[in-house]
Amino acid sequence: MGRGRIGAMLAAATLVLAACSGGAAPKGPDFSPQGSFPGDGYTPVPVGPIEPSTQPSQGSSPPSQGGSTPSPSPSTSSDPNVVATKLNSPVGLVVLPDATALVAERATGRIVRVQPKPGQPVQTVRTLGGLSTAGDGGLLDLALSPTYAEDGLIFAYLTTATDNRVVDFTLNGPVTPVFTGIPRGSSGNTGRITFGADGDLYVGTGDAGVPAQAADPASLAGKVLRITAIGTPAPGNPVTRSPIFASGVDDPDALCADPSSTVVYESDTRDGVDSDPVNSIVAGASYGWPTPAASDHASLRLLPHTSRAPGGCTVDKSTLYVTSRDGQALLSSPIRSAKSIGDFTPYLRQRYGRLRTVVAAADGTLWLTTSNRDGHGKPIPDDERVLHIQAPTTGGTSPA
């Protein structure tokens with residue numbers, strides 16, 4: 001990043017999220033550079049003292065089998081895959097270089113640090129304020145800066161009283177708006193973010209409860225945006241000086257990048273259809289929401305009709321993983337090419353209930369969160385949980 005931009009970005013860093021939660025709704029997105037930059041030689045500062053989590057309840061029962069009807073999963077005091085319990089709607093998750101994970105609670109704005117082994121204390125590292133949780137809004141996703149080792153920046157997608165937006169922050173610094181003015185509504189505030197292999201930030205935005213906005217080129221709702229780390233439209237976008245990269249998505253619950261290529265995958269929950277699509281995002285393409293006939297890019301594959309409601313996705317080596325909340329399973333598909341993936345194989349079916357976020361770590365493990373207290377599941381006292389498992393093998397063996 002050029003040194004000439006540092007002064008402007010440091011000035012912008014004085015803006016905090018709480019100051020942006022009131023006042024009139026913004027008239028449109030702010031494309032001016034706003035991201036933070038701590039400067040050369042920045043070293044992430046250790047966070048404060050550990051705050052122990054509540055002890056999990058005792059007892060266990062065998063995993064359930066069968067169809068997609070929500071069913072309670074066993075208590076997890078002795079389950080080696082469960083590394084955190086009793087969280088409040090954990091959605092955003094990133095894995096740090098030290099192999100711990102930061103997990104964000106949608107409804108509270110709290111961010112906790114979770115160890116990769118069970119039985120360890122859960123550490124609260126900070127809480128983001130100024131959130132609006134109406135219409136499934138709140139603290140919706142996290143992404144690490146591609147240069148996190150140097151700048152310590154974490155990006156978040158969240159809902160305020162006036163909009164959905166991207167912000168960035170360090171664990172001990174101010175929260176700075178990066179990209180604002182994404183429509184919010186009484187529903188449809190789903191959002192995901194991921195950095196692509198090109199270094200740009202991809203932002204999946206919900207339709208804010210107005211499906212027609214997904215097809216409207218003047219609206220940022222129902223889109224996949226592509227912006228730089230300082231919030232400007234990425235060079236090479238389909239329309240010069242526009243952040244819109246692709247359109248026609250509904251609720252982009254899953255958005256993930258293949259670190260070995262330029263491919264970005266997206267999956268969203270579609271009302272009124274039997275299956276939900278898994279898409280490879282192509283510049284300028286429309287993905288047919290709300291009018292299928294308007295789609296000019298075919299989906300790579302549909303999720304099985306028994307495995308609706310994607311919760312998240314990630315890529316590990318040559319495998320795409322997608323969680324299914326309704327199917328209560330982790331789905332695995334081999335990546336054949338940029339335009340082709342194989343059939344989905346389910347794992348962990350009904351073992352932990354509704355699965356939400358999934359993130360691949362560099363050591364070949366997967367981190368997941370549950371979503372059993374979202375009004376559609378059957379929670380147990382330990383919910384919500386964070387899981388840490390070995391990725392399924394190519395031979396089809398389910399994680400222990």
Side-chain angles (χ1 to χ4, degrees), residues 50-95 99-125 127 133 136 138-140 142 253 309 311-312 314 321 323-330 346-359 361 365-392 398-400:
I50 289 175
E51 298 178 9
S53 62
T54 305
Q55 292 297 318
S57 59
Q58 301 297 314
S60 64
S61 59
S64 57
Q65 304 292 330
S68 60
T69 301
S71 56
S73 51
S75 181
T76 51
S77 58
S78 61
D79 189 332
N81 294 336
V82 177
V83 291
T85 62
K86 297 181 171 65
L87 298 186
N88 189 333
S89 57
V91 180
L93 189 153
V94 292
V95 181
T100 64
L102 296 182
V103 182
E105 294 182 328
R106 177 189 66 81
T108 68
R110 186 173 72 126
I111 300 174
V112 299
R113 191 168 194 163
V114 179
Q115 302 293 324
K117 294 182 179 181
Q120 303 301 307
V122 172
Q123 176 186 17
T124 298
V125 297
T127 300
T133 60
D136 294 326
L139 179 50
L140 298 173
L142 299 177
D253 294 291
T314 194
Y321 296 97
T323 59
S324 166
R325 285 168 289 168
D326 287 357
Q328 302 181 67
L330 171 67
Y347 300 95
L348 304 178
R349 186 183 291 278
Q350 289 196 333
R351 183 166 178 178
Y352 298 103
R354 294 166 63 82
L355 297 178
R356 181 79 181 189
T357 298
V358 57
V359 174
T365 60
L366 300 177
W367 292 75
L368 301 99
T369 68
T370 65
S371 187
N372 292 314
R373 296 186 185 275
D374 61 2
H376 302 284
K378 293 185 177 180
I380 63 169
D382 283 348
D383 282 321
E384 301 291 355
R385 291 161 284 171
V386 178
L387 314 176
H388 184 226
I389 65 172
Q390 288 293 322
S398 177

Inset, instruction - Please list, chain by chain and in numerical order, all residues satisfying salt bridge (charged side-chain N to carboxylate O under 4.0 Å, His left out) with Arg106, sequence neighbours excluded. - result: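 Arg106 satisfies salt bridge (charged side-chain N to carboxylate O under 4.0 Å, His left out) with no other residue.
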
Inset, instruction - Can you sort out the partners of Asp374 under salt bridge (charged side-chain N to carboxylate O under 4.0 Å, His left out), two or more places apart, ordered by chain and number? - result: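 Asp374: salt bridge (charged side-chain N to carboxylate O under 4.0 Å, His left out) contacts with Arg354.
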
I need the minimum non-hydrogen distance between [X] and [Y], along with the two atoms involved.
X      : Y      : result
Arg325 : Gly311 : NE-CA, 3.8 Å
Leu366 : Thr314 : CD2-CG2, 4.2 Å
Val83  : Pro118 : CG1-N, 3.7 Å
Ala391 : Tyr321 : CB-OH, 3.6 Å
Val91  : Leu140 : CG1-O, 3.2 Å
Ala329 : Leu355 : C-CD1, 3.7 Å

Quick check against the 3.5 Å criterion: does [X] have a side-chain atom that pairs as donor or acceptor with the backbone of [Y]?
X      : Y      : answer
Thr370 : Arg385 : yes
Glu384 : Asn372 : yes
Thr369 : Thr357 : yes
Thr100 : Arg113 : no
Arg373 : Asp383 : yes

Legend entry - Polar side chain donor-acceptor pair, Glu105 to Ser89, under 3.5 angstrom: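 Judged by distance alone, the side chains do not pair up.
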
Distance from [X] atom [atom1] to [Y] atom [atom2], nearest 0.5 Å?
X      : Y      : atom1 : atom2 : result
Leu387 : Asp79  : CG    : CG    : 7.5 Å
Thr108 : Leu139 : OG1   : CG    : 7.5 Å
Gln350 : Lys378 : CD    : NZ    : 10.0 Å
Thr127 : Ile111 : OG1   : CD1   : 7.5 Å
His388 : Lys117 : NE2   : NZ    : 10.5 Å

Inset, instruction - Indicate yes or no: at least one non-hydrogen side-chain atom of Tyr352 is less than 4.5 angstrom from one of Val82. - result: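 Yes - at least one pair of side-chain heavy atoms lies under 4.5 Å apart.
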
Legend entry - Residue pair Ile389 / Tyr347, side-chain heavy-atom distance below 4.5 Å: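 Not in contact.
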
Inset, instruction - For the pair Val386 and Val122, evaluate side chain to side chain contact (heavy atoms under 4.5 Å, CB included) and give the outcome as yes or no after the intermediate values. - result: CA-CA 11 Å; Val386 178; Val122 172; over 6 Å; no

